[in-house]
2 protein chains.
Amino acid sequence: MTAPLHEAHPSSPGRRLPDTQQGMRRRNLARVMHTVSAEGPLSRAAVASRIGLTRAAVSTLVDELIRTGLLEELGPERPGRVGRPGSALTVSGRGPAGIGAEIGVDHLAVCAVDLRGAVRARAVRHGTNRGRPPQPVLGELTALVGQVVAEAEREGLWPAGLAVAVPGLVARDARTVVRAPNLDWHDLDLGPLIPARLPLTVDNEANFGSLAELWLGEATPRDFLHVSAEIGIGGAVVVDGRLLRGTHGFAGELGHVPVRPDGPECACGGRGCLEQYAGEEAVLRAAGLPPGQDRVGLLAERAAQGDTEVRDALGEAGTALGIALTGAVNLLDPQAVVVGGALAALAPWLLPSLERELARRTAGRGCAVAVSRLGPEGPLLGAAHSVVRAVLDDPAAVAERV
Amino acid sequence: MTAPLHEAHPSSPGRRLPDTQQGMRRRNLARVMHTVSAEGPLSRAAVASRIGLTRAAVSTLVDELIRTGLLEELGPERPGRVGRPGSALTVSGRGPAGIGAEIGVDHLAVCAVDLRGAVRARAVRHGTNRGRPPQPVLGELTALVGQVVAEAEREGLWPAGLAVAVPGLVARDARTVVRAPNLDWHDLDLGPLIPARLPLTVDNEANFGSLAELWLGEATPRDFLHVSAEIGIGGAVVVDGRLLRGTHGFAGELGHVPVRPDGPECACGGRGCLEQYAGEEAVLRAAGLPPGQDRVGLLAERAAQGDTEVRDALGEAGTALGIALTGAVNLLDPQAVVVGGALAALAPWLLPSLERELARRTAGRGCAVAVSRLGPEGPLLGAAHSVVRAVLDDPAAVAERV
DNA sequence: CTATTTCGTCATGGCGCTTAACAAATTAGT
DNA sequence: ACTAATTTGTTAAGCGCCATGACGAAATAG
């Protein structure tokens, strides 16, 4: 059984482990890793002052982390200040790697990320997976994972875990795809089908996208609402730096928030759901464009050319998003709304109406709207980084695995 | 962040404490308190097995807690089991007390709750506060607090803190009332106006109500959505046993979630907000009843008598609530929706349409809807208990204050 | 009445951090 | 250039906190 990823930082309450000295040590190892990872090369003394331990204590923690290959000593810092210069520490570039994978509707992608956050290996296979049975798709994915792992190992890394982003709802066991409408997969446990010898985590691509935003975004706050859309409309809620998952793991589903309660019927049983105004299919219909491959690119292209029909359709979608987000902002009072995934490319034409609606309805206090810099890369990077974060969160667990 | 979210108490420790042995001790003291508090009289051995420490360690923890008056020894248990009987421990009934206060539109109330959760003193003053200036109201409240504190002290308790529930939005400093429309108070720091010599916390009554539900409710899950309505429509989101507060402290505001985006204009600047369909004023208008005192009681009475106009109005309100809650349930995937506050009394006529709408729009997975047992008592009890919880969460802090 | 079981305590020990002192490496001042 | 001051990293001693193991106490089982 694997420790839950990107859950609470070990020092947060709620865990039922006995609070003993081993636990203390583990948490302090984690704090050293987090500090060094977040604030670049740092001397032992700098780490000590940041986390509130003494230099002596940090020294022993660092020794252990260096022995297990999680930290590296870069050598003496260049001294601009008085006093003996410290010895700079960094997270290792030859230690564990997080393997991220993405099952997209039109592609498969895998990458390896080291502790420093650098992408060290990638592999992609283009071609639609719509309606294909799981076995061949997952077989191809496993092959790509094998390639990436081999390449990472050639660079001196060893894979610490595999995280797979899926375009659909995933149960809280982090293995079972409950419903992926665009793949036509249902209630499918991916565990036995991905025979990599690695701890496996499966999650919704919107969830991984929002985590990528949290971890890699430029000025992403710790409380935000992430909106993305690949085919349906995904969303995710991040509160205090943690992803809100919900009872069944379905939290963040914006697509079926009622926008116009008496609107057209939706497959979900409701009426006037957001997806019927801002979903890809609906927007294409309103824009008078046929379905096909890379329809987001097509929309962006036409909008950029000044196609008013397309622009109006996107404006309408933005309005609908604004209405749905008003409800969410009222409920959650987030610090920002981040528009990501495929929506990021359409932001120039969505945002004006979206922001207008949001500003009007939340009178004054409003909420900042930002566009993701990561765009469609989010889910893959988020997946890989989730493995890296798990290592930072509990380095002692990694050490046990050599 | 280390401390629970609902802990806005001034004594709450800095969030980045170094993880040292003192911290470990503090956390273990807290775990002993929580365990004894939650699972009734327990022997040291029983506590030890529950929290995963040894009997020896628990003994020293318990000794310290008894010395500081937070635990009491009841004497030997009388069990039919083999072996030496343990000595039963309970949280003290003569130690610290939580003082809770409520500023209602039509009343003021104060109570004292001991560590066992028993209400040991109360005081109420009826009479409207609508539009009254803050000073006299808070003066009366302070007098009531004085009475209750005196009575609690006669019973051998000492006040550990004061928590005040307010019908309006409260900033994250837990002291400033940003907007209380029915009192007509704005941007008011209650700190200097309540000169009780106690740590003060101020919060929205809906927030305290939801915490009461969490702590005192019969089978309340750790993830739920609380809906209450006194005049406006309050709500609160509880995730993993913690209250979600939001960036400005405004999270949970359901009243201005858009229900019909082209509906009538709202004071908030939006259109078709929930408050215009399920707010007290709107319901009264739809029911053809005049405003006045205890209008909720009137509505309940008329509905019980079979007044169809009233029943229709409540049914409409339920539908609107169902639509707004559909959005919230989609976004948060909570384990339950709990209807509380003044709405609890109207539940028989609100719930059918509310549940129908929710079930239809969330097809299948839905969400349980429950009615609060606490009803209008929630905010006051939640306020008092929030102080008690702060003591349980960090008993060492209390010990320092003798 | 003895054996067994469980509870609470005590003495001992280990682990992990702090304190204090020191050598090493740099800058500041004369 | 040389000394004083400053900062780093390490080391040894010490203390706090929990684990271990043994013990007496208090109940039940036979």
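In what follows, chains are A, B, ... by sequence order, proteins preceding strands, each numbered from 1.
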Would the distance check show the side chain of R44(B) and the main-chain N or O of L89(B) forming a donor-acceptor pair, the cut-off being under 3.5 Å? no
Please state how far atom CG in D63(B) lies from atom P in dC18(D), giving the value in whole angstrom units. 13 Å
Presence of S59(B) side-chain N/O under 4.0 Å of dT9(C) phosphate oxygens OP1/OP2: yes
Would you mind reading off the distance between R44(A) atom CZ and dT10(D) atom C1', rounded to a whole angstrom? 10 Å
In whole Å, I'd like the distance from the CD atom of E64(A) to the C1' atom of dG9(D). 18 Å
Distance only, no hydrogens: is a donor on one side chain within 3.5 Å (strictly under) of an acceptor on the other, for R25(B) and T60(B)? yes
Whole-Å distance between dC15(C) P and N28(A) CG? 17 Å
For R25(B) and dC18(D), is the shortest distance between a side-chain N/O and OP1 or OP2 below 4.0 Å? yes
For T90(B), does its backbone N or O pair with a side-chain atom of R116(B) as donor and acceptor, under 3.5 Å? no
How many whole angstroms separate atom CZ of R84(B) from atom C1' of dA25(D)? 5 Å
Which residue lies toward the 5' end of DNA chain C, Q21(B) or A56(B), if each is placed at its nearest nucleotide? A56(B)
If you find the nucleotide of DNA chain D closest to A46(A) and the one closest to A57(B), which residue's nucleotide is nearer the 5' end? A46(A)
In whole angstroms, how far is the C1' atom of dT8(D) from the CG atom of L42(A)? 13 Å
Consider the side chain of L53(B), meaning its heavy atoms from C-beta on, and name the nucleotide among dG9(D), dC17(C), dC18(D) that approaches it most closely. dC18(D)
R55(B) side chain, from C-beta outward: closest of dG8(C), dC17(C), dA21(C): dG8(C)
Gap between atoms CE and P, on M24(B) and dC17(C) respectively (whole Å): 10 Å
Measuring to OP1 and OP2 of dC18(D), would you say a side-chain N or O of T54(B) lies under 4.0 angstrom away? no
When R120(B) is tested against each of E153(B), E155(B), E151(B) for salt bridge (charged side-chain N to carboxylate O under 4.0 Å, His left out), which residue passes? E155(B)
Would you say R31(B) and L53(B) make side-chain contact, with heavy atoms under 4.5 Å? no
Nucleotide dT19(C), atom P - distance to CD of Q22(B) in whole Å: 9 Å
